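Written out below as structure tokens is the structure these notes cover.
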Amino acid sequence: MAETDWNTRPVDLGGVVYPYHYGVDCLDRIVDELGAMGADRFFVVTDDHVLALHGERLLSGLGAHAPVDVLSLPPGDGMKALPNLAAHVEHVIAAGASRRSVVVAFGGGVPGNLAGVVASLLFRGVRLVHVPTTTVAAMDSVISLKQAINSSRGKNHIGTYRAPEAVYLDVRLLATLPDKQLRSGLCEATKNCLAIRPDSIPEMRRRLAAGNLAAPETLVWLLEESLTAKTAVTRRDPYEQGSGLVLEYGHTVGHAVEMCDQRLRGAEGLSHGEAVMLGMLAAARISRTRGGLDDASVTVHEELAQALGAPTRVPERISVEQVMDVVRVDNKRGYLPVSGEEAAMVLLREHGVPYGTADLPLTAVPLEVVKEAVTDLMPGGAR
């Protein structure tokens, strides 16, 4: 892909279609595209780290087209909290927001989700644009209608659905990411290979073995794979409440580990993708106990995690019971009737083939079985 290329792919989520524009070294063009939207004011939702790295170029460009208000917070999953949502909404109203205003999500999946809820609630919906700066945002969270923040009990309990007007990505911004943040989105891309597009596993393994994952051509391949995988399921299930739940592979245990670690270490804790990779290792073990995945398929999970440099053990200081407390309030409750001693999980019969039905790829799993898989992933646990 040449540095001057500008690509557009439609994201079709069950009839809701929006454009995903991406290129390399194209931030100036992105600013021009935003400027052509005729906004009376831009509200840029971001975090302090992204603002320091990339804010000046974006904000000065936008300011030539309309007034710009910046809503920035310290980075980390703690941004996605009700007090921050309330403060942001009050701020944009006080600043003179109207139905012609545009909310710009500038950063990773966390500010993207917060911005999405703000845009959904303001006057029952104003225009939302994503300008992702992380792999997990670019390759996962912006390819969705889901916008959510956390409750004090668990991940993504409070949210809505909102389609962006467009997504704009300068791939060069992803190439500057620290290894941890780069790895986060690659873990989500790996989830798509394992759960949806197993034919792409050999190419994923080849690229991981070759290294240089920050190369623009590799990032573009990963992005296009993610777009293909996600839209293959969300085209039929845009709200991800049926067949689209396959995208939750690894998220039951992964969300729980992520939330527990964020409570202890804040932004220094596991990234979302790293936690999901751990969740996939747990789900693979549980799938094997049910007679689904064989040993070789579980080993593929392990090998991909190791090739990514992702953690394969739950961080120290997190207990099994802390993880299980969050698993019990997982946000997939209600899609599948389960008892108080079960969790609804996405499990695989084989790579790309989930348990359950085509319309509901969930399985009821006894909490004791989940606990055994989590215990196996604790420091010193059995392989």
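Predicted model, so just to flag it, every value in this text is computed and none were measured.
- Looking at residues two or more places apart in sequence or on another chain, you find no side chain to side chain contact (heavy atoms under 4.5 Å, CB included) involving Ser60.
- Under the rule for a side chain to side chain contact (heavy atoms under 4.5 Å, CB included), the partners of Arg99 that lie at least two apart in sequence or sit in another chain are Phe123.
- The hydrophobic cluster containing Val17, built from Ile/Leu/Val/Met/Phe/Trp/Tyr side-chain heavy atoms closer than 4.5 Å, comprises no other residue.
- Ion pair Glu224/Arg9 not flagged as a salt bridge, since none of the NZ, NE, NH1 or NH2 atoms sits closer than 4.0 Å to an Asp/Glu carboxylate oxygen.
- Under the side chain to side chain contact (heavy atoms under 4.5 Å, CB included) criterion, Arg183 pairs with Asp179, Lys180, Cys187, Glu274, Leu308, Ala310, not counting sequence neighbours.
- Note on Val136: it does not cluster hydrophobically with Leu304, by side-chain heavy-atom contacts below 4.5 Å among ILVMFWY residues.
- Among residue pairs with one or both ends in residues 319-378, those qualifying as ring pair (Phe, Tyr, Trp, His ring centres under 6.0 Å) are His301-His351; sequence neighbours excluded.
- Under the 3.5 Å distance criterion, with hydrogens and angles disregarded, a donor-acceptor pair is assigned to the side chains of His272 and Glu188.
- Criterion: ILVMFWY side-chain heavy atoms under 4.5 Å apart, direct or through other members. Under it, Leu360 and Val353 are not part of a common hydrophobic cluster.
- No side-chain heavy atom of Asp12 sits less than 4.5 Å from a side-chain heavy atom of Thr231.
- Sorted by first and then second residue, the side chain to side chain donor-acceptor pair (under 3.5 Å) pairs involving residues 132-143 (not counting sequence neighbours) are Asp140-Lys230.
- Sequence neighbours left out, not one pair with a member in residues 348-365 passes salt bridge (charged side-chain N to carboxylate O under 4.0 Å, His left out).
- Note that the CZ atom of Arg205 and the OG1 atom of Thr190 stand 11.0 Å from one another [nearest 0.5 Å].
- Contact check for Val300 versus Leu194: side-chain heavy atoms found under the 4.5 Å cut-off.
- Under the 4.5 Å side-chain criterion, counting only non-hydrogen atoms from C-beta, Asn113 is not in contact with Val117.
- The side chain to side chain donor-acceptor pair (under 3.5 Å) pairs that include a residue from residues 233-242 are Ser144-Glu240, Lys146-Glu240, Tyr161-Gln241, Arg236-Ser243, where partners are two or more places apart or lie in different chains.
- The closest side-chain heavy-atom distance from Pro311 to Arg313 is not below 4.5 Å.
- Taking 4.5 Å as the limit, some side-chain heavy atom of Leu227 sits within range of a side-chain heavy atom of Val11.
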Extract all donor-acceptor atom pairs below 3.5 Å that involve side chains of residues 36-44 and protein atoms in other chains or at least two apart in sequence.
residue: Asp40; atom: OD1; partner: Ser101; partner atom: N; Å: 3.2
residue: Asp40; atom: OD1; partner: Ser101; partner atom: OG; Å: 2.9
residue: Asp40; atom: OD2; partner: Ser98; partner atom: OG; Å: 2.3
residue: Arg41; atom: NE; partner: Ala95; partner atom: O; Å: 3.3
residue: Arg41; atom: NH1; partner: Asp69; partner atom: OD1; Å: 2.7

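- For the pair Asp325 and Arg328, the salt-bridge criterion is met [side-chain N within less than 4.0 Å of a carboxylate O].
- In this view, Leu51 and Thr46, Leu59, Val70, Ser72 satisfy the side chain to side chain contact (heavy atoms under 4.5 Å, CB included) rule, not counting sequence neighbours.
- Within the structure, the ring pair (Phe, Tyr, Trp, His ring centres under 6.0 Å) test picks out no pair touching residues 48-101 (sequence neighbours left out).
- The salt bridge (charged side-chain N to carboxylate O under 4.0 Å, His left out) pairs that include a residue from residues 72-87 are Asp77-Lys155, where partners are two or more places apart or lie in different chains.
- Using a 4.0 Å cut-off between charged nitrogen and carboxylate oxygen, Lys371 and Glu321 count as a salt-bridge pair.
- Between Val327 and Val374 the shortest side-chain heavy-atom distance does not fall below 4.5 Å.
- Scanning both residues, Val129 and Val102, for their nearest heavy atoms gives CG2-CG1, 4.0 Å.
- Between Leu245 and Leu247, the closest side-chain pair of non-hydrogen atoms is not below 4.5 Å.
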- Task: Decide side chain to side chain contact (heavy atoms under 4.5 Å, CB included) for Glu203 and Trp221; before the verdict, give the C-alpha distance in whole Å, the side-chain angles of both, and the deciding distance to 0.1 Å.
- Result: CA-CA 10 Å; Glu203 181 64 13; Trp221 178 81; 3.2 Å; yes

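- Contact check on Asp330 versus Lys332 returns a salt bridge, with a Lys/Arg side-chain nitrogen under 4.0 Å from an Asp/Glu carboxylate oxygen.
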